[in-house]
Amino acid sequence: MGVPYNHREIELKWRNEWEKNPVNVDDGKKQKYYCLDMFPYPSGNGLHVGHWRGYVISDVWSRYKLLNGHYIIHPMGWDAFGLPAENYAIKMGVHPAKSTAENVSNIKKQINEIAALYDWDMEVNTTDPDFYKWTQWIFVKMFKQGLAYEKQMPINWCPSCKTGLANEEVVDGKCERCGEEVTKKNLKQWMLKITEYADRLLDDLDKLDWPEKVKKMQTDWIGKSYGAEVDFKVNGREETITVYTTRPDTLYGATFMVLAPEHTMALSLATDDKKAEVEKYIYDASMKSNVDRLQDKEKTGVFTGSYAVNPLNGALVPIWLSDYVLADYGTGAIMCVPAHDDRDFEFATKFNIPIIQVIAKDGVAIENMTQAYTEAVGTMINSGEWNGMESSYLKKEGPAMIENMGIGKKTTNYKLRDWVFSRQRYWGEPIPIIHCEHCGCVPVPEDQLPLLLPEVESYQPTGTGESPLADIEEWVNTTCPVCGAPAKRETNTMPQWAGSSWYFLRYVDSHNKEELVNKEKAHNLLPVDMYIGGVEHAVLHLLYSRFYTKFLYDIGVVDFEEPFVKLFNQGMITGKNGIKMSKSKGNVVSPDDLVRDYGCDSLRMYELFVGPPELDSEWDDRGIEGVYRFLSRFWNLVLDNVDKNTEPTQEMIRLRHKMIHDITYRLENFSLNTVVSGFMEFNNKMIEMNKAGGIDKETLETAIILLAPFTPHLSEELWRTLGHQTSVFQNVWPVYDEKMMEETEKEVAVQINGKTKMVIKVAADISKEEAVKAGKEALGDKLTGELVKEIYVPGRIINIVAKQ
RNA sequence: GCGGAUGUGGCGGAACUGGCAGACGCGCUAGACUUAGGAUCUAGUGGGAGACCGUGCAGGUUCAAUUCCUGUCAUCCGCACCA
């Protein structure tokens with residue numbers, strides 16, 4: 001024993017064999033299982049050990065399902081349009097099409113080292129015209145349904161990437177990609193009406209077997225709230241100002257009103273003596289960047305000189321302007337109740353505005369409030385005919401009451417905004433729209449798709465808000481498909497998310513020239529059963545994909561409303577001290593050397609062994625030695641038993657069943673790190689048993705099959721070495737028998753007052769009386785004092801409670 | 001500020017519905033085999049001489065707490081004036 005196994009030879013051998021005779025075949029009878037990885041964008045940096053992790057997890061899961069009798073759909077493709085690919089191309093000074101193709105071929109080579117079950121016949125690439133034809137087709141369908149529309153508005157603009165961004169792409173006021181501070185730019189943009197799906201996107205989260213964290217992030221992003229719009233008359237004028245509130249119960253406590261500086265009435269409300277001050281405030285607010293506005297902790301504001309009339313009690317409330325009110329949420333105006341809202345309290349305190357408490361906390365009014373009481377719990381006071389009512393009741397019923405009184409209406413609001421869908425960049429799908437002077441926006445006829453992205457000399461972003469495509473006159477100038485008059489093409493391109501929002505549907509029918517996906521195939525092979533990837537897409541890709549799928553369901557392309565039944569987010573692999581692996585930090589660990597030195601199987605297993613798959617883990621190369629030693633020991637154990645015909649002992653049979661049980665249980669619970677440690681434990685026990693003569697074949701074969709999803713090459717080699725002519729993956733996952741796992745004798749801890757004194761062996765089926773008696777005997781003199789209580793937990797603990 | 005996750009030896013981590021804390025692995029120590037060993041094998045490895053003490057910290061419930069409850073600290077992540 002003790003010779004390290006030759007991983008290079010056997011891995012090459014079985015890789016070739018599997019290519020000739022695939023182990024995963026659709027015989028039309030097996031149930032499908034679709035296990036999907038989030039497809040990568042083909043970066044020039046190649047893969048590091050962190051990328052491997054997700055792919056290993058998904059492949060282990062796929063092979064486990066394969067051994068459970070499923071036909072596995074396990075595809076891979078390339079998210080190759082978009083900013084990262086384009087920025088890389090610009091940096092390297094090559095055309096993105098060229099660099100993308102090179103990167104794809106390099107990464108594909110690296111991915112093949114994982115030896116995953118990928119079906120390359122399904123491969124898709126979002127930059128392939130046969131693929132983006134359908135990305136464009138979906139857009140045309142959305143346009144025809146009124147879900148894609150053009151709008152002139154100030155949007156998020158990244159000055160470094162020189163393009164507009166969706167709200168989802170702005171993180172802390174900065175560009176999600178490059179970290180540059182995002183500014184506003186007034187541009188005519190294509191928008192997708194994702195808001196029309198807000199309720200379905202929210203409600204259907206309940207159906208999903210997803211991490212609660214991701215569901216919550218999407219729930220918060222959609223940000224649904226219930227409340228009322230209340231109309232306040234402007235004192236002495238005809239107009240009314242409508243405010244939105246979720247706290248109608250506090251209406252009597254409104255002592256002022258605040259409008260966003262961008263509100264259409266902001267300037268007109270200013271009385272003559274306030275005009276200059278108001279104008280200045282509005283101007284200053286318009287000059288502030290997003291980040292400035294976020295960072296200003298101190299509230300600012302200006303009084304317009306006008307008053308509004310509280311519709312309930314006729315009280316006059318001063319109207320202020322302040323940038324803490326957002327123009328694009330609700331009505332851009334709020335009623336302010338300083339006694340029951342933190343922000344209003346801060347503002348009122350600063351500007352000496354009266355504070356009227358309307359909810360009695362614990363039944364009493366608070367003297368000299370030092371902070372707002374924001375809970376809707378308590379009895380109403382200072383509230384006219386509402387006095388004595390419950391705040392929580394009014395919060396809920398208030399909107400309907402307000403509507404009945406004719407002073408407003410109940411309403412629902414969302415934080416979710418429509419999706420800014422155009423990018424002023426070259427490397428994306430051209431938006432298939434033609435602008436005609438007579439007919440307006442006309443979609444490119446479906447039979448003329450794909451609208452090819454033209455070849456171009458200069459693809460660098462212009463920064464003017466125009467796409468580089470705008471310079472290609474022969475492409476821009478076209479004729480209107482409806483009236484035939486000269487017309488111009490839309491020159492913006494789609495965001496990177498366009499292709500990734502539906503690519504998983506295309507895999508199952510990637511060569512179809514006639515349809516996005518064949519109906520029957522879609523019905524039989526979709527949706528995705530298990531989706532594995534990082535958590536960074538919680539509200540971007542995953543929300544967009546759900547939206548696209550719901551749309552495609554609505555137009556009859558697919559017959560399900562949710563794309564991903566189950567989602568698993570794997571943790572990140574970081575370098576030392578939890579620092580993210582990156583080329584600039586110089587802490588990137590490449591899998592290539594590790595595969596060369598220890599083999600694919602060892603690395604696969606070590607990727608799982610580093611820690612719980614859902615948590616981040618620090619990478620430490622040294623640990624892989626341990627996995628390699630374990631595999632070598634198992635290898636030698638099997639070889640040592642090839643010619644022996646050991647009869648199974650009770651002990652071996654028990655170990656076999658327990659091994660099947662433990663490995664299966666941990667695998668089902670996705671506790672993949674403990675699956676690996678479990679294998680090591682069982683292997684150590686088998687090595688001990690082997691010293692007494694040998695191990696029976698059935699136990700060894702069982703271990704080989706259980707290991708197969710993790711170490712496919714090693715398992716295949718050992719399986720054949722034991723004389724089998726067919727692949728190890730032709731087996732079915734072993735089953736255990738609960739009864740066969742039971743031990744006749746158990747080691748039990750003997751405690752006094754919960755403190756372990758010793759361990760004794762007792763029969764597994766011993767009675768409480770006998771166990772306690774055995775325990776007392778074993779303790780002997782150690783047991784003193786008055787006996788109070790005796791506890792026996794079968795097979796675990798004998799605890800004698802004694803008072804000293 | 002709000003919400004969530006995490007906190008266990010020198011290190012990564014284990015402990016099922018409360019039941020022998022530290023499995024498994026790395027590292028380390030000693031030994032064996034060796035011309036040699038960064039190979040392999042064997043033994044040991046939380047602290048303490050000891051009764052005992054030990055799962056971020058302080059309490060509580062219990063015969064028994066890493067696990068349940070209350071409070072608190074630290075780190076990481078998400079949201080961030082959404083009325």
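None of the values given here were measured: they were computed from a predicted structure. Numbers restart at 1 for each chain; the letters A, B, ... are given by sequence-line order, proteins then strands.
Both A:Arg417 and A:Val535 lie near RNA chain B, and the one whose nearest nucleotide falls closer to the 5' end is A:Val535. If you find the closest nucleotide of RNA chain B to A:Glu747 and to A:Asn413, the one lying nearer the 5' end belongs to A:Glu747.
A donor N or O paired with an acceptor N or O is found under 3.5 Å between the base of B:rC16 and the side-chain atoms of A:Arg796. You won't find any donor-acceptor pair under 3.5 Å spanning the side chain of A:Lys213 and the base of B:rC77, going by distance alone.
Atom-to-atom, CG of A:Asp220 to C1' of B:rC2 comes out at 10 Å; the value is rounded to the nearest Å. A straight line from CG of A:Asn569 to P of B:rA5 spans 15 Å, rounded to a whole angstrom. With rounding to whole Å, A:Asp621 atom CG is found 15 Å from B:rG27 atom C1'.
A close approach under 4.0 Å does occur between a side-chain nitrogen or oxygen of A:Lys757 and OP1 or OP2 of B:rC52. Contact check, A:Lys691 against B:rU42: a side-chain N or O comes under 4.0 Å of OP1 or OP2. OP1 and OP2 of B:rC24 both lie 4.0 Å or more from every side-chain N or O belonging to A:Arg629. Of the side-chain N and O atoms in A:Lys216, none sit less than 4.0 angstrom from OP1 or OP2 of B:rG4. Residue A:Tyr324 places no side-chain N or O under 4.0 Å from the OP1 or OP2 atom of B:rA83. Between A:Thr674 and B:rC24, a side-chain N or O to OP1/OP2 separation shorter than 4.0 Å is absent.
For A:Ile797, counting side-chain heavy atoms from C-beta on, the closest listed nucleotide (B:rC26, B:rC20, B:rC63) is B:rC20. Listed candidates were B:rC63, B:rA14, B:rG25. Nearest to the side chain of A:Lys789 is B:rC63. The side chain of A:Thr756 has B:rA21 as its nearest neighbour among B:rA83, B:rA14, B:rA21. If you check B:rG13, B:rC79, B:rC26 against the side chain of A:Val171, the one that comes closest is B:rC79. You'll find that the side chain of A:Val759 is closest to B:rC20, out of B:rC26, B:rC20, B:rA15. Checked against B:rG19, B:rA80, B:rG25, the side chain of A:Val793 finds its nearest nucleotide in B:rG19. Residue A:Asn799 places its side chain closer to B:rC63 than to any other of B:rC20, B:rC63, B:rC24. Each of B:rC53, B:rC81, B:rG27 was ranked by its minimum atom distance to the side chain of A:Arg622; first place goes to B:rG27.
The nearest pair of heavy atoms linking A:Ile282 to A:Ala266 is CD1-CB, 3.9 Å.
Distance check on atom P: B:rG18 versus B:rC68 gives 8 Å, rounded to whole Å. The P atoms of B:rA74 and B:rC26 are separated by 37 Å, rounded to the nearest whole Å.
A cation-pi arrangement is absent between A:Lys350 and A:Phe347 under the rule of less than 6.0 angstrom and at most 45 degrees off the ring axis.
Glycosidic torsion of B:rG9 falls within 90° of 0, placing the base in syn.
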